[in-house]
Amino acid sequence: VKLLVSDIGGMLIIVLGGMESVFMLLLFLMGTDFFRGFMKVVYEKYLDSNCVINAIVVGVGNLGTALLNYSGFQDAGVNVLAGFDLNTKKPAAKTEKKIYSMDLLDTFCEENDVRIGIISTPASEAQMVCEKFINNDIDIIWNFAPVNLLAPEGITVKNENLAASLMTLRMHMKENY
């Protein structure tokens with residue numbers, strides 16, 4: 001129970017904080033069922049947990065930057081190669097990974113065998129990014145934009161709703177404290 005209280009405290013800080021808090025949110029989420037579920041889909045889809053699967057992040061604001069910088073993906077066999085954004089000079093993008101213009105996404109995907117696309121864009125852009133991923137043969141999409149994406153059969157989409165996760169924690173807190 002104390003650990004849950006600590007996690008909830010981290011979530012509340014996340015709501016109030018900046019870049020450091022987004023990274024704390026990412027660390028919190030890595031230990032949750034949705035992350036394990038996402039990685040299970042990746043392993044099942046590609047069957048060989050020893051191979052490294054290339055991924056990219058589109059939308060390099062605070063959350064996208066935290067995703068680019070998270071080193072734990074390598075332990076799960078996922079190599080996040082680069083980020084893509086409409087604005088390649090975003091001041092929030094503090095990462096050693098290369099940030100490319102969206103104009104280069106098609107060529108990059110083709111040259112680097114990208115299999116996983118991670119979306120951290122505004123909701124208004126997410127479906128367009130999803131379709132761009134599909135057009136580039138990316139068949140696993142992890143969506144952090146606050147919208148449920150539509151994709152054809154055979155494409156795995158994991159829609160995350162951070163606000164709903166926070167509400168679940170708040171309900172748990174209300175019921176138990």
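Owing to the predicted nature of the structure, the values given are computational and were not obtained by experimental measurement.
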Correct closest heavy-atom pair for Val114 and Ile138 would be O-CG1, 3.5 Å

Check the pair Gln74, Asn79 against side-chain contact (heavy atoms from CB on, under 4.5 Å), reporting the backbone distance first and the verdict last.
-> CA-CA 6 Å; Gln74 288 182 329; Asn79 183 21; 4.0 Å; yes

Considering all heavy atoms of both residues, which atom of Gly64 and which atom of Ser120 are nearest to each other, and what is their separation?
-> CA-OG, 3.2 Å

Return yes if some donor-acceptor pair links the side-chain N/O of Thr121 with the main-chain N/O of Gly59 below 3.5 Å, else return no.
-> no

Atom pair CG (Leu86) and OG (Ser101), whose distance is rounded to the nearest 0.5 Å | 7.5 Å

Just do the side-chain contact (heavy atoms from CB on, under 4.5 Å) check on Ile140 and Arg115 with the steps written out, would you?
-> CA-CA 6 Å; Ile140 295 180; Arg115 307 305 311 186; over 6 Å; no

Let me know which of Asn159, Val129, Ile134, Ile116 forms a side-chain contact (heavy atoms from CB on, under 4.5 Å) with Ile141.
-> Ile134

Which residues satisfy the ring pair (Phe, Tyr, Trp, His ring centres under 6.0 Å) test with Phe133, sequence neighbours excluded?
-> none

Ring geometry between Trp142 and Phe73 (parallel below 30°, tilted from 30 to 60°, perpendicular above 60°) = perpendicular

Give the minimum heavy-atom separation between Ala123 and Val147, together with the two atoms involved.
-> O-CG1, 3.9 Å

Of all heavy-atom pairs between Leu105 and Phe84, which one has the smallest distance, and what is that distance?
-> CA-CE2, 3.6 Å

Would a distance-only check, ignoring hydrogens and angles, find a side-chain to backbone donor-acceptor pair under 3.5 Å from Asn161 to Ala163?
-> yes

Look up atom CZ in Phe108 and atom CG in Asn54, then write down how far apart they are to the nearest 0.5 Å.
-> 7.5 Å

Could you give the distance from CD1 (Ile119) to CG (Leu149), rounded to the nearest 0.5 Å?
-> 5.0 Å

In Å, rounded to the nearest 0.5 Å, how long is the span from CE of Met128 to CE of Met102?
-> 5.0 Å

CD1-CD distance between Ile118 and Glu160, expressed to the nearest 0.5 angstrom | 11.0 Å

Contacts of type salt bridge (charged side-chain N to carboxylate O under 4.0 Å, His left out), residue Lys97, not counting sequence neighbours = none

Side-chain donor/acceptor of Asp106 to backbone N/O of Asn136, under 3.5 Å | no

Full working for side-chain contact (heavy atoms from CB on, under 4.5 Å) between Cys109 and Ile56 | CA-CA 9 Å; Cys109 289; Ile56 57 171; 3.8 Å; yes

Roughly how far apart are Arg170 CZ and Met173 CE, rounded to 0.5 Å?
-> 6.5 Å

